[in-house]
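Below is one structure, written out as structure tokens, with a few remarks after it.
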Amino acid sequence: MNLAPIDDLTEALRSAHPELEAVYDVAAPERVFLVGGAVRDLLLRRERTDIDLVVIGDAATLATALGAEVVEHERFATAKLRLDGHEVDIATAREEVYERPGALPTVVPAATIEADLGRRDFTINAMALPLRGEQRLIDPLDGHPDLEGGLLRVLHRRSFVDDPTRALRAARYAARFGFALEEKTETLLRDADLATVSADRRNIELLRLAAEPEAVRGFGLLAEWGLIALREGGIELASRVSELLATPPWRDFAPRDRVGMQAALGPTGGEEELATAHPQRPSLAVELASRRDPVELVLARALGAEWLDRYLTEWRAVRLEIDGADLLAAGVPQGHAIGRGLKEALIRKLDGEIAGREQELEAALAAARWAAG
Ligand code: ATP
């Protein structure tokens, strides 16, 4: 990996994130640091929109000085703010201390940035850059050489036991950057047990993976590492939905993360029924497809339901020129007959049997009168 020179990082940060000027104005030297993915991406010369800052001492004071609303998060202040449209997260430096071996850690405020970096997931995410003070890359865990070598390395051997979602995060970074797992990390990761994590936390990381351009590769890795079971044909399906969502008419029709995750992992839903259906008339297609979750529609199309293209581009937008008021005016009594009449007219219009206002009214009146008995 050809990284940006360390000496240029402060300048690179200033030019990539002019929104931070407000922070420089109020930050105390050696107290406020750029951390995590933001430092990594600066070295990789990759643009990003969100920034993480860590404050030694009191994050609330900095956040308040910047006009942010502070969330008292358990015992540690955190704040999220928008500066010129960019999201900035501010957190109090913290570390995990183990009162005895094997006990759950207690989280306490960290007195140094190095201590805060020590609780992170991978070395490439455990570097910091002081916003003010002596300009240098703070890299106590040797993230820089790992970034250069394209390696994901955990900070200690209990990392995945402490937090198995890190294994999912590894897939995200491996897929996005084309990085490899360092050997010991790979052994530890293959032993990770996702069953010890709540479904919510697991899904948050899986959805983040599914939102990535290289998500399919990431799901493939997770399966190869033995961490997740793919849906049958999941990789092919995930590739196909990814293509569909990138081209009209399906572009952005459904959220990429949910569709991608369901394609790769399941569970299967109503898409199977749609994919095996062969509606012979447009009205039947509308009957089948309307009111479905867009996720299901994309999956069904990816499974081969080509008729959904016309549903999407033509049929779902078909509306009558007449409405209930026209039927009331023609003498149909208020009640279910109105709905029945309009529905019948729409079916016949969709199927090309009628066209124009007059024929719609005629068809609707016939059906409404029949329904009214
Ligand atoms: P992205 O580039 O996708 O925005 P990121 O690298 O910024 O991702 P976040 O999930 O936003 O990652 O987290 C910010 C930082 O917090 C990470 O870079 C990492 O240092 C740390 N971190 C996040 N989740 C964990 C975790 N489960 N365990 C340890 N450290 C974590």
Side-chain angles (χ1 to χ4, degrees), residues 1-14 16-17 20 30-48 50-56 88-96 105 110-131 133-189 192 205 208-209 212 214 218 221:
M1 229 53 55
N2 171 20
L3 303 181
I6 293 175
D7 290 347
D8 295 351
L9 291 183
T10 303
E11 243 346 275
L13 178 64
R14 281 196 113 108
H17 294 280
L20 289 178
E30 303 293 336
R31 281 289 175 274
V32 184
F33 301 86
L34 181 78
V35 291
V39 178
R40 178 200 69 217
D41 289 351
L42 210 53
L43 282 161
L44 289 171
R45 296 179 237 253
R46 283 174 76 106
E47 276 181 33
R48 64 183 287 132
D50 57 316
I51 285 283
D52 285 314
L53 299 178
V54 158
V55 179
I56 305 290
V88 178
D89 276 326
I90 301 180
T92 307
R94 63 192 80 171
E95 65 181 307
E96 291 168 0
T112 63
I113 186 67
E114 286 80 1
D116 181 274
L117 295 174
R119 68 181 173 87
R120 291 173 184 267
D121 51 1
F122 302 103
T123 60
I124 62 163
N125 288 340
M127 295 180 272
L129 199 65
L131 251 56
E134 188 203 333
Q135 293 311 307
R136 66 202 187 278
L137 180 68
I138 301 170
D139 183 19
L141 297 144
D142 293 331
H144 190 272
D146 282 343
L147 195 58
E148 215 155 33
L151 278 184
L152 292 168
R153 185 193 309 268
V154 285
L155 309 193
H156 55 88
R157 49 179 306 113
R158 285 188 53 84
S159 188
F160 296 117
V161 179
D162 291 346
D163 182 356
T165 64
R166 291 171 183 162
L168 304 176
R169 298 173 61 83
R172 179 152 60 89
Y173 297 124
R176 187 196 298 167
F177 301 129
F179 285 2
L181 297 174
E182 172 275 329
E183 204 180 316
K184 279 201 217 82
T185 299
E186 175 160 2
T187 309
L188 297 168
L189 181 141
E205 287 297 348
R208 289 181 76 183
L209 169 60
E212 297 268 322
E214 297 296 335
L221 285 172

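Counting from 1, the numbers follow the sequence of the chain as shown. Predicted, not measured: the structure shown is a model, and the values here were computed from it. Atoms considered below: every heavy atom in the structure, side chains included; atoms not considered: hydrogens, waters and symmetry mates.
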**Message:** If the condition is side-chain hydrogen bond (donor to acceptor under 3.5 Å, both in side chains), which residues does Asp142 pass it with, not counting sequence neighbours?
**Reply:** none

**Asked** Would you say Leu141 and Arg120 make side-chain contact, with heavy atoms under 4.5 Å?
**Response** no

**Message:** Tell me the closest heavy-atom pair linking Gly118 and Leu155, and the distance in Å.
**Reply:** O-CD1, 3.6 Å

**Message:** Could you work out, with side-chain contact (heavy atoms from CB on, under 4.5 Å) as the rule, every residue matching Arg153, not counting sequence neighbours?
**Reply:** Thr123, Asp146, Leu151, Glu182, Thr185

**Request:** Go through the structure and list residues passing side-chain contact (heavy atoms from CB on, under 4.5 Å) with Arg31, not counting sequence neighbours.
**Result:** Ala28, Ile56

**Prompt:** Taking C-beta and beyond as the side chain, do Arg45 and Asn2 meet within less than 4.5 Å on heavy atoms?
**Reply:** yes

**Item:** Point-to-point distance, once rounded to the nearest 0.5 Å, from CG of Asp116 to CD of Glu114
**Value:** 10.0 Å

**Request:** Output every pair passing ring-ring contact (aromatic ring centres under 6.0 Å, His included) with a member in residues 133-176, not counting sequence neighbours, ordered by first then second residue.
**Result:** none

**Request:** Just jot down the side-chain hydrogen bond (donor to acceptor under 3.5 Å, both in side chains) partners of Glu30, sequence neighbours excluded, or say none.
**Result:** Arg136

**Asked** Are the side chains of Ser159 and Leu188 in touch, meaning some heavy atoms are under 4.5 Å apart?
**Response** no

**Fill in**
Rounded to the nearest 0.5 angstrom, the CD-CG distance for Glu214 and Leu209 is 10.5 Å

**Item:** Set of side-chain contact (heavy atoms from CB on, under 4.5 Å) partners for Asp52, sequence neighbours left out
**Value:** Val35, Asp89

**Complete:** CG (Leu147) and CG (Leu152) are apart, to the nearest 0.5 Å, by 9.5 Å

**Request:** Only counting residues at least two apart or in another chain, list the ones meeting side-chain hydrogen bond (donor to acceptor under 3.5 Å, both in side chains) with Arg157.
**Result:** none

**Asked** Looking at side-chain heavy atoms only, is the closest gap between Phe122 and Val154 below 4.5 Å?
**Response** yes

**Request:** Please round to the nearest 0.5 Å and tell me the distance separating atom CG of Leu34 and atom CG of Leu20.
**Result:** 7.5 Å

**Message:** Please enumerate all residues that pass side-chain hydrogen bond (donor to acceptor under 3.5 Å, both in side chains) together with Asp139, with sequence neighbours excluded.
**Reply:** none

**Request:** Report the residues that fulfil ring pair (Phe, Tyr, Trp, His ring centres under 6.0 Å) with Phe179, sequence neighbours left out, ordered by chain and then residue number.
**Result:** Phe177

Would you tabulate the side-chain donor-acceptor contacts of residues 3-14 under 3.5 Å, counting partners in other chains and residues two or more places apart, or write 'none'?
{"residue": "Thr10", "atom": "OG1", "partner": "Gln135", "partner atom": "OE1", "Å": "2.5"}
{"residue": "Arg14", "atom": "NE", "partner": "Glu21", "partner atom": "OE2", "Å": "3.3"}
{"residue": "Arg14", "atom": "NH2", "partner": "Glu21", "partner atom": "OE1", "Å": "3.1"}

**Complete:** For Glu95, the side-chain contact (heavy atoms from CB on, under 4.5 Å) test, sequence neighbours excluded, returns Val97, Val108, Ala110, Ala115

**Asked** Considering the options Arg169, Arg172, Arg166, which one meets the salt bridge (charged side-chain N to carboxylate O under 4.0 Å, His left out) requirement together with Asp121?
**Response** Arg169

**Message:** salt bridge (Lys or Arg N to Asp or Glu O under 4.0 Å) for Glu212 and Arg176? Distances and angles first, verdict last.
**Reply:** CA-CA 7 Å; Glu212 297 268 322; Arg176 187 196 298 167; 2.8 Å; yes

**Request:** Nearest 0.5 Å please: distance from the CG atom of Leu221 over to the CG atom of Leu168.
**Result:** 12.0 Å

**Item:** Interatomic spacing from CG in Leu44 to CE in Met1 - rounded to 0.5 Å
**Value:** 7.0 Å

